[in-house]
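Read the structure below first, then the notes.
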Protein chains: 2
Amino acid sequence: MNKYYEIYEDLKAKILNNEYRELLPSENQLTEIYGVTRNTIRRAIDLLASDGFVVSKKGKGVFVLENRSVEFAISGLESFREVMIRTGEKFKTDVAEFGAMIADEQLAKQSGFTPGTVLTHIKRVRSLQNERIILDVNYFVEQLIPGLTKEVAEQSIYTFIEQELNIEIGIAKKSIVIERATEMDYQYLDMLDFDLVVVVHNFVYLQDGVLFEYTQSRHRPDRFIFTDIARR
Amino acid sequence: MNKYYEIYEDLKAKILNNEYRELLPSENQLTEIYGVTRNTIRRAIDLLASDGFVVSKKGKGVFVLENRSVEFAISGLESFREVMIRTGEKFKTDVAEFGAMIADEQLAKQSGFTPGTVLTHIKRVRSLQNERIILDVNYFVEQLIPGLTKEVAEQSIYTFIEQELNIEIGIAKKSIVIERATEMDYQYLDMLDFDLVVVVHNFVYLQDGVLFEYTQSRHRPDRFIFTDIARR
DNA sequence: GAGTGGTCTAGACCACCGG
DNA sequence: CGGTGGTCTAGACCACTCG
């Protein structure tokens with residue numbers, strides 16, 4: 001593994017272990033401790049900072065943040081759905097719909113796909129403790145992600161894409177908005193008395209910059225959480 | 001200004017101007033174009049990547065993303081409130097409450113402040129086109145942010161902190177959840193027929209790692225949007 | 001003035017990609 | 001194989017902080 005990543009993990013462990021409290025050792029001291037150059041140390045510290053563990057201040061040092069609450073410590077930016085999928089927390093997935101379709105004008109406008117693109121369209125219901133709380137509506141470009149099956153959709157599509165197809169994901173753009181619940185939401189989710197859903201729009205790009213997935217994650221409002229850490 | 005930042009802005013302009021489409025020039029070519037080292041070029045490209053403009057692929061090059069929608073292109077991570085404040089878009093701010101208070105057990109638990117901390121407590125209503133759509137509930141540590149007044153709160157508290165007090169902000173942790181509207185929400189916001197609010201919890205730290213602000217931004221659901229770009 | 005983090009240079013080796 | 005981006009080194013100068 002990379003040196004800077006190993007150092008990052010080591011520093012993170014020491015911080016969580018309260019070995020480093022107020023201040024980290026200076027970058028120069030750390031170069032001696034780990035036997036690497038300052039650049040490598042700085043990359044490790046950058047990772048810590050983007051995780052919200054530390055903040056650097058010119059002329060003073062690298063400060064360890066107080067009150068590192070657990071939820072935030074876990075990761076930089078995740079929706080409830082992603083946390084659940086990552087931790088595999090008693091999550092039940094039902095594939096409600098699976099098939100091919102062609103992007104029409106409206107979907108093209110919403111997703112950014114070119115009209116006429118052949119898509120694999122999937123609807124999946126995520127349940128937690130027998131409550132259906134998230135509806136994932138996926139659109140994958142068939143040409144870019146071939147071989148998708150209902151069986152794959154029941155497991156992890158991303159494992160399939162990355163492990164089986166050996167395709168690497170570039171970046172994902174998200175937007176979060178609140179929408180009135182639709183017929184579809186009432187049909188697939190246990191909405192209780194809610195009439196709104198939290199919709200996370202996901203636009204996912206391959207490493208060569210091509211949009212290959214557009215997904216709506218539709219959450220029941222009470223089971224939604226999204227966390228983030230922003231650096232100045 | 002920094003070299004890497006200037007190069008970042010230049011490259012961004014060229015991308016938006018369609019001078020670079022599929023691929024950027026290679027990093028080695030860019031070093032010659034700008035007369036800097038590869039490290040500096042790479043820092044500029046890193047910024048472009050975290051803005052969601054490009055994705056790098058080993059052995060191939062730096063790809064420009066297709067479908068760069070406007071909202072995303074503006075910035076990495078912003079809530080509606082922040083966009084409005086940044087653009088100054090016909091935003092009216094009313095200070096509904098202003099005063100000192102002491103953190104009790106419950107607030108301490110929620111915010112992370114030590115119980116007994118003296119706080120400046122502010123409630124502000126943000127209106128757009130005569131609709132009251134956001135309620136900001138602020139708690140600032142009085143000792144760290146002294147001299148706050150109602151007049152400051154009517155303008156920009158952050159301008160005051162950064163310009164007048166010359167204090168630098170470190171990082172901010174946010175979480176977004178949906179809550180039932182409270183009496184307070186109905187009192188201060190034009191809720192129409194909504195009974196839920198989007199609550200953005202903000203924990204803001206100084207550069208020395210000390211928590212100095214806890215704020216709830218309570219949004220009417222239909223006027224909330226949050227965007228983000230995540231790199232793999 | 002000594003120590004800190006922020007920027008930048010010049011150069012090296014590597015893994016990956018394509019012809 | 002040559003070209004690409006990813007990592008890392010060794011060293012320099014700067015702005016900032018604090019005694």
Side-chain angles (χ1 to χ4, degrees), chain A residues 1-11 20 22-50 53-65 162 165-171 205-210 231-232, chain B residues 1-11 20 22-50 53-65 162 165-171 205-210 231-232:
Chain A
M1 189 45 71
N2 305 327
K3 287 187 185 180
Y4 74 92
Y5 197 81
E6 281 181 11
I7 294 169
Y8 154 71
E9 294 207 310
D10 193 59
L11 289 175
Y20 294 142
E22 285 268 314
L23 275 170
L24 291 192
S26 77
E27 295 182 350
N28 279 319
Q29 288 172 321
L30 289 172
T31 61
E32 288 174 14
I33 292 174
Y34 291 101
V36 298
T37 48
R38 241 186 95 206
N39 254 321
T40 307
I41 294 295
R42 302 193 90 249
R43 296 193 64 177
I45 291 174
D46 267 357
L47 287 185
L48 287 173
S50 58
F53 282 99
V54 300
V55 176
S56 300
K57 186 154 191 180
K58 199 190 300 193
K60 301 193 79 172
V62 179
F63 291 83
V64 178
L65 291 204
E162 289 176 332
L165 297 183
N166 223 4
I167 291 175
E168 283 177 276
I169 280 78
I171 71 166
Y205 296 78
L206 297 177
Q207 284 198 335
D208 60 359
V210 178
R231 304 163 67 177
R232 293 275 159 169
Chain B
M1 189 46 71
N2 306 326
K3 287 187 185 178
Y4 75 91
Y5 197 82
E6 282 181 10
I7 294 169
Y8 154 71
E9 294 207 309
D10 193 60
L11 288 174
Y20 294 142
E22 284 269 314
L23 274 170
L24 291 192
S26 77
E27 294 182 351
N28 280 319
Q29 288 173 320
L30 289 172
T31 62
E32 288 174 13
I33 293 174
Y34 290 101
V36 296
T37 47
R38 241 186 95 205
N39 254 320
T40 307
I41 294 296
R42 302 194 89 247
R43 297 194 62 178
I45 290 174
D46 268 356
L47 287 185
L48 287 173
S50 58
F53 281 99
V54 300
V55 175
S56 299
K57 186 153 193 181
K58 200 190 301 193
K60 301 193 77 171
V62 179
F63 291 83
V64 177
L65 292 203
E162 289 175 334
L165 298 183
N166 223 5
I167 291 174
E168 284 177 275
I169 280 80
I171 72 165
Y205 296 78
L206 297 178
Q207 284 199 334
D208 60 0
V210 179
R231 304 164 66 179
R232 293 278 159 167

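Predicted model only: the values in this text are computed from it and were never measured. Letters go in sequence order (proteins before strands), and every chain restarts at 1.
In this structure the side chain of B:V62 never reaches within 4.5 angstrom of the side chain of B:L30, judged on heavy atoms. The side-chain heavy atoms of B:Y20 and B:V54, taken from C-beta on, include no pair separated by under 4.5 Å.
Regarding B:L23, its CG atom lies at a distance of 12 Å from the C1' atom of D:dG3, rounded to whole Å. Here the P atom of nucleotide D:dA12 and the CD atom of A:E27 are 18 Å apart, to the nearest Å. Remark: P of D:dG2 and NZ of B:K58 are 20 Å apart, rounded to the nearest angstrom. C:dT7 atom P lies 13 Å from atom CD1 of A:I45, rounded to whole Å. Atom CG in A:L30 sits about 14 Å away from atom C1' in C:dG3, given to the nearest Å. Straight-line distance from the CG atom of B:D46 to the P atom of D:dT7: 9 Å, rounded to whole Å. In this structure, CD of A:E168 is placed 16 Å from P of C:dA15, rounded to the nearest angstrom. Separating the CG atom of A:L24 from the C1' atom of C:dT4 is a distance of 13 Å, rounded to the nearest angstrom.
Comparing B:K57 and A:G59 by the nucleotide of DNA chain D whose heavy atom lies nearest to each, the residue mapping closer to the 5' end is B:K57.
Going from atom CG of B:N39 over to atom OG1 of B:T31 covers 11.5 Å, rounded to the nearest 0.5 Å. B:K3 NZ to B:R43 CZ: the interatomic distance, rounded to the nearest 0.5 Å, is 12.5 Å.
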Going through the checks in order, is the side-chain contact (heavy atoms from CB on, under 4.5 Å) test met by B:L48 and B:L24?
CA-CA 11 Å; B:L48 287 173; B:L24 291 192; 4.3 Å; yes
Are there any protein N/O atoms within less than 3.5 Å of an N/O atom in nucleotides 8-10 of chain D, and if so, which ones and at what distance?
from: D:dC8; atom 1: OP1; to: A:K3; atom 2: N; distance (Å): 2.5
from: D:dC8; atom 1: OP2; to: A:Y4; atom 2: N; distance (Å): 3.4
from: D:dC8; atom 1: O3'; to: A:K3; atom 2: NZ; distance (Å): 3.4
from: D:dT9; atom 1: OP1; to: A:K3; atom 2: NZ; distance (Å): 2.9
from: D:dT9; atom 1: OP2; to: A:T37; atom 2: N; distance (Å): 3.0
from: D:dT9; atom 1: OP2; to: A:T37; atom 2: OG1; distance (Å): 2.7
from: D:dT9; atom 1: OP2; to: A:T40; atom 2: OG1; distance (Å): 2.5
from: D:dA10; atom 1: N6; to: A:N39; atom 2: ND2; distance (Å): 3.4

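Residue B:E6 places its CD atom among more than 12 non-hydrogen atoms of other residues, nucleotides or ligands, all under 6.0 Å distant.
Under 4.0 angstrom from either OP1 or OP2 of D:dC16 there lies no side-chain N or O belonging to A:K60. In this structure, A:S26 reaches the C:dT4 phosphate: one of its side-chain N or O atoms is under 4.0 Å from OP1 or OP2.
Tested against B:Y4, the residues B:I45, B:D46, B:L47 include a single side-chain contact (heavy atoms from CB on, under 4.5 Å) partner, B:L47.
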